[in-house]
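What's counted below: heavy atoms across the whole structure, side chains too, no hydrogens, waters or symmetry copies. All values reported here derive from a predicted model rather than from experimental measurement.
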2 protein chains.
Amino acid sequence: MNREIQLVQRPEGTPNHDHLKVMNTNIPEPQQGELLLKTLYVSVDPYMRGRMNEGKSYIPPFQLNEAISGGAVAQVTESNSPEFEKGDIVTGSLDWKEYSTVKAESVRKVDPSLGPVTTSLGILGMPGLTAYFGLTDIGQPKEGETLVVSGAAGAVGSAVVQIGKIYGCRVVGIAGTDEKTSYLKEELGVDVAIDYKKENVKEALEAACPNGVDVYFDNVGGSISDALYPLLNKFARIIQCGAISSYNTPNDQGPRIHMHLIKASALVKGFTVGDYQDRFKEGFDHLSSWLKDGKLTYEETIQEGFEQIPDAFFGLFKGENLGKQLVKVADPE
Amino acid sequence: MNREIQLVQRPEGTPNHDHLKVMNTNIPEPQQGELLLKTLYVSVDPYMRGRMNEGKSYIPPFQLNEAISGGAVAQVTESNSPEFEKGDIVTGSLDWKEYSTVKAESVRKVDPSLGPVTTSLGILGMPGLTAYFGLTDIGQPKEGETLVVSGAAGAVGSAVVQIGKIYGCRVVGIAGTDEKTSYLKEELGVDVAIDYKKENVKEALEAACPNGVDVYFDNVGGSISDALYPLLNKFARIIQCGAISSYNTPNDQGPRIHMHLIKASALVKGFTVGDYQDRFKEGFDHLSSWLKDGKLTYEETIQEGFEQIPDAFFGLFKGENLGKQLVKVADPE
């Protein structure tokens, strides 16, 4: 017996259990060159909300009545490939299934000497690489500059604030609970942490950025960004990594930003981590070396049980996660 | 007797005669190192609207009850500098006065062999340089790419569309009268001209850009840009040169653009021509060589009479000008 989680209805606004259903299914036989994988950990990520909509984006939409897919860690339980052995721990984009068959070339082995296997879904995986390339390539942070990060306690944001400190920036992190702002200050060493749910964000940003904002790593968009734009310094760089505040309200309106960009000769650049595919090794090497040297730390929020995947995903939009949100599906054998 | 035009009240919305007044004043004596200038042509430009507001921007605001200043062409009527002779034609930023005294180093001589002296305020001046640096440096246009230009029949836009053709782009120009769209098609050789006042801009853009939009040179912002953003191709570049639709409505709201930028990994860059000050010679050399070779043409809309300056300025926001809007104040002696 196998289980999978299907998209059974496209959400219009906030996704809920009407849209994602756990279904029983069979365990398929792996063919030549294929692996049978047992899912251990599943990553839930805000970008997945976009794939639940119809229509073209940078990746194709999820299909109705098919399994959702995304980053996962799994163990090889049967291998028809000379590259893998039973028991290997692998990562890649997998269907939300307890057991999957995949072509061997679609996954890669996880090196357990670099850290717990879950780091391949977080600090040493897509979120870490997103933080690294967005901040260093688009943001071009310089020593002494002010970096503001929205969604600062999430998987990407928590890496960004630390890389910002490595580059010598004054770092201001914005998050939405006491636990998160304490984490930012006490564990990650940000200079100022702002609780956007408790504080007047405009006033708090003005106080936190007396010399203006040089780099803004934006995971959130919406009213937090509205408050930030007037503070941009000349030649400021804005990394438009995400806009989670808009994912469930696609026709969201707000103040136009043209004039702020002209006044500051500022740059805004959208991106997805895949844009840097040919530089992944560089990013991975930096991240793993910082991690080893203790310059980077990370946090994980892990729910347990395959059937918890939908709730863990819904929780992203309520800001429930500190660091990387994962679901543990099974123990390795 | 001398006359000047003062900002007597800061406009909240659209500027009118309540805000700008013609005042009588004296002709000052030029001191050592100074010139007495007779104004011949005054440039009116949309960016001046921003300087009528209070508060910091990329240039300081105009002061209340003082003369407005901006690009102008003048003739030296008295020189206390060895660098200039009576009769020389010069250009620089001058007060809106019939006669001005200035430090000699604040103006430069116009080379009449390059074209009529008015070109120093248009195609060989600030608007031409704005077009050149915005399009080539931020836009990075490549042969066969689709370039869309808003405000395409204005001083900057009409240069952008032609430079786009020199670079081998498919060029779509957006403007607001039959005269302007005819000019774009018949004189400037754009591939498609869209009349945003007559056509449904979204449908017209979709039809004009079957392969999407690679470069968007935006002078206008607002609903024209709203219609364009969904058409952005992967790695599109948006040159945020102006946003004339917002200048008189500073609290303008509209659809948020974050998601379009992320989906397309697109870049938006605000700028002002002063950002390229150390490359002005390069820009000027390209523009004057294209002009000489007949690869660039230009249009001017010239009102006559010093007291017409305010109306010529107000007319910019009604889209009255084809090409560069100037006011002729006097004939040279």
Side-chain angles (χ1 to χ4, degrees), chain A residues 46-47 49-50 53 55-59 133-134 138 150 212 218-223 225-226 229-247 249-276, chain B residues 46-47 49-50 53 55-59 133-134 138 150 212 218-223 225-226 229-247 249-276:
Chain A
Y47 81 86
R49 175 63 185 83
N53 296 330
K56 158 187 135 166
S57 182
Y58 59 92
I59 30 175
F133 288 111
I138 301 172
S150 63
D218 188 13
N219 293 303
V220 175
S223 59
S225 295
D226 297 342
Y229 271 79
L231 303 179
L232 294 176
N233 283 338
K234 187 85 182 169
F235 301 125
R237 291 82 69 196
I238 297 158
I239 302 115
Q240 196 66 55
C241 178
I244 195 169
S245 73
S246 296
Y247 292 175
T249 51
N251 296 319
D252 204 12
Q253 303 254 327
R256 295 189 185 279
I257 63 172
H258 311 301
M259 290 310 298
H260 297 297
L261 300 182
I262 296 170
K263 283 182 185 179
S265 293
L267 171 150
V268 189
K269 174 81 174 66
F271 82 111
T272 55
V273 69
D275 300 346
Y276 294 95
Chain B
Y47 81 86
R49 174 63 185 83
N53 296 330
K56 158 188 135 167
S57 182
Y58 59 93
I59 29 175
F133 288 111
I138 302 172
S150 63
D218 188 13
N219 292 304
V220 175
S223 60
S225 295
D226 296 343
Y229 272 78
L231 303 179
L232 294 177
N233 284 338
K234 187 85 182 169
F235 300 124
R237 290 83 68 196
I238 297 158
I239 302 114
Q240 197 67 54
C241 179
I244 196 168
S245 71
S246 296
Y247 292 174
T249 51
N251 296 318
D252 205 11
Q253 303 254 329
R256 295 189 184 280
I257 63 172
H258 311 302
M259 290 309 299
H260 297 297
L261 300 182
I262 296 170
K263 283 182 185 178
S265 292
L267 173 149
V268 190
K269 176 79 174 67
F271 81 112
T272 55
V273 69
D275 301 346
Y276 295 95

Less than 4.5 Å to any heavy atom of chain A: does that hold for the side chain of [X], its backbone, both, or neither?
{"X": "B:Thr272", "value": "both"}
{"X": "B:Ile257", "value": "side chain"}
{"X": "B:Asp252", "value": "both"}
{"X": "B:Tyr47", "value": "neither"}

Inset, instruction - With sequence neighbours excluded, tell me which residues meet side chain to side chain contact (heavy atoms under 4.5 Å, CB included) with A:Asp226. - result: A:Ser223, A:Pro255, B:Arg256
Legend entry - With A:Ser265 via side-chain hydrogen bond (donor to acceptor under 3.5 Å, both in side chains) - residues at least two apart: A:Lys234, B:Asp275
Legend entry - Any residue meeting ring pair (Phe, Tyr, Trp, His ring centres under 6.0 Å) with B:Phe133, in chain and number order, not counting sequence neighbours: B:Tyr276
Legend entry - Distance in Å, A:Ile59 CD1 paired with B:Lys263 NZ, rounded so as to fall on 0.5 Å steps: 11.0 Å
Inset, instruction - Give me the contact list for residues 236-244 of chain B versus chain A, heavy atoms only, anything under 4.5 Å, ordered by residue number. - result: B:Gln240, B:Cys241, B:Gly242, B:Ala243
Inset, instruction - For residues A:Ser246 and B:His258, report the shortest heavy-atom separation together with the two atoms involved. - result: OG-CD2, 4.3 Å
